[in-house]
Amino acid sequence: MTERLTPAELDRAATLLREGALVAFPTETVYGLGADARNARAVAGIFEAKGRPHFNPLICHYPEAEAAFAEVRADDRARRLAARFWPGPLTLVLPRRPECRVDLLAGAGLDTLAVRVPAHPTALALLRAAGVPVAAPSANRSGQVSPTTARHVLDGLGGRIAAVLDDGPCAVGVESTVLDLTGAGPVLLRPGGVPVEAIEAELGPVGRTLPLSAAAATASLRSPGMLLSHYAPGLPVRLSATEVAPDEALLAFGPPLPGAAVAWNLSEAGDLREAATRLFAGLRWLDEAGSARGCRGIAAMPVPEAGLGAAINDRLARAAAPRG
Ligand code: AMP
Ligand code: MG
């Protein structure tokens with residue numbers, strides 16, 4: 001059963017979040033599906049509940065800019081945009097600080113993190129009461145439209161999440177503008193609630209990654225994960241390994257193959273949720289430990305395609321793809 005909470009029950013919603021449960025909450029754009037971003041199992045639960053076939057990097061929500069900038073490195077451009085547009089529908093992609101508490105799964109293994117301060121009093125009160133960074137994509141099943149009411153959330157995710165904090169319809173109804181500030185020039189990753197012209201008035205020209213034709217733009221919005229750079233280890237990855245060489249690092253799932261130079265088990269018990277929480281940490285660790293021992297690559301054992309397995313396999317396939 002999914003609890004339907006009123007703004008008067010905000011403390012209950014905050015407690016659930018801190019306990020690792022999933023709580024949908026209103027923002028000025030759409031309803032978000034929130035989880036404690038530090039908690040890998042909670043974050044894996046987001047992908048499970050949404051039925052997402054990809055681990056897209058999630059936006060982390062904070063009650064104010066200083067809380068966000070404690071986790072990511074903000075340059076002068078980021079501070080100017082934050083001062084002008086936060087709270088508001090602008091998401092900034094910035095480099096993670098070494099002390100960043102957000103779990104790797106929430107950022108899909110990347111060294112960057114998307115952060116935002118939403119302009120919604122209930123969202124801000126919830127974030128303040130929870131006192132943790134909250135990772136939140138839109139609170140809909142994968143492939144469905146983004147929800148702008150608690151009713152929409154329950155239609156898609158009822159029974160799959162702990163609670164929805166109902167504070168009526170969202171005002172903007174389109175998602176946040178996503179701006180990448182990790183390179184020399186700012187790049188628009190997704191158009192949204194803050195017009196790019198308003199950002200250009202502040203920063204000067206903004207690069208676009210989106211294809212210009214309407215059809216291509218629609219296709220890219222349906223699968224935003226396809227546009228993103230993704231984490232890939234330095235060592236080549238070999239998929240569906242049924243045996244492993246002594247000069248290979250092993251990414252195991254279930255009972256491990258014998259004979260690898262080094263091994264990391266995604267889940268000894270074959271639990272896909274556990275495997276999701278250990279995927280990016282494991283690839284990073286094997287890359288480092290395997291390279292240190294002169295391994296020629298990482299051999300990945302097969303992972304079943306069911307549930308979170310589809311998202312795990314998608315990321316493994318990307319990690320194994322030829323490098324451009
Ligand atoms: P959603 O959570 O459904 O609103 O989508 C979040 C979007 O934010 C993704 O599809 C990406 O476009 C973008 N995003 C989040 N994190 C990153 C990141 N580290 N690098 C680039 N884009 C990101
Ligand atoms: Mg979405």
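First listed ligand is number 1; within each ligand, the first listed atom is number 1. Sequential numbering from 1 along the given sequence is applied to the chain's residues.
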Do R278 side-chain atoms and N265 backbone N/O form a donor-acceptor pair below 3.5 Å?
-> yes
Enumerate the atoms of ligand 1 whose separation from the nearest heavy atom of L189 is less than 4.0 angstrom.
-> 21 (C), 22 (N)
Element-labelled atoms of ligand 1 that are located less than 4.0 Å from some non-hydrogen atom of R190 | 1 (P), 4 (O), 5 (O), 6 (C), 7 (C)
Below 4.0 angstrom from a heavy atom of L110, which ligand 1 atoms are there? Numbered from 1 as shown, please.
-> 19 (N)
With backbone taken as N, CA, C and O and side chain as the heavy atoms from C-beta onward, which portion of R52 lies under 4.0 Å from ligand 1: side chain, backbone, both, or neither?
-> side chain
For ligand 1, which atoms sit closer than 4.0 Å to a heavy atom of A114?
-> 15 (C), 16 (N), 17 (C)
Compare G32, P57, P95, A106 and give the one whose heavy atom is closest to atom 9 (C) of ligand 1.
-> P57
Check: R190/S176 side-chain N/O donor and acceptor closer than 3.5 Å = yes
Atoms of ligand 1 under 4.0 Å from any heavy atom of P137, numbered from 1 in the order shown, are 2 (O)
Plane angle bin for H61 and F25 - parallel if under 30°, tilted between 30 and 60°, otherwise perpendicular | perpendicular
Where does T112 meet ligand 1, judged by heavy-atom distances below 4.0 Å: at the side chain, the backbone, both, or neither?
-> both
What distance separates T91 OG1 from E175 CD, expressed to the nearest 0.5 Å?
-> 9.5 Å
Between the main-chain N or O of G88 and the side-chain N or O of R116, is there a donor-acceptor pair closer than 3.5 Å?
-> yes
State whether F55 and R318 meet the cation-pi test: NZ (Lys) or CZ (Arg) under 6.0 Å from the six-membered ring centroid, and within 45° of the perpendicular axis.
-> no
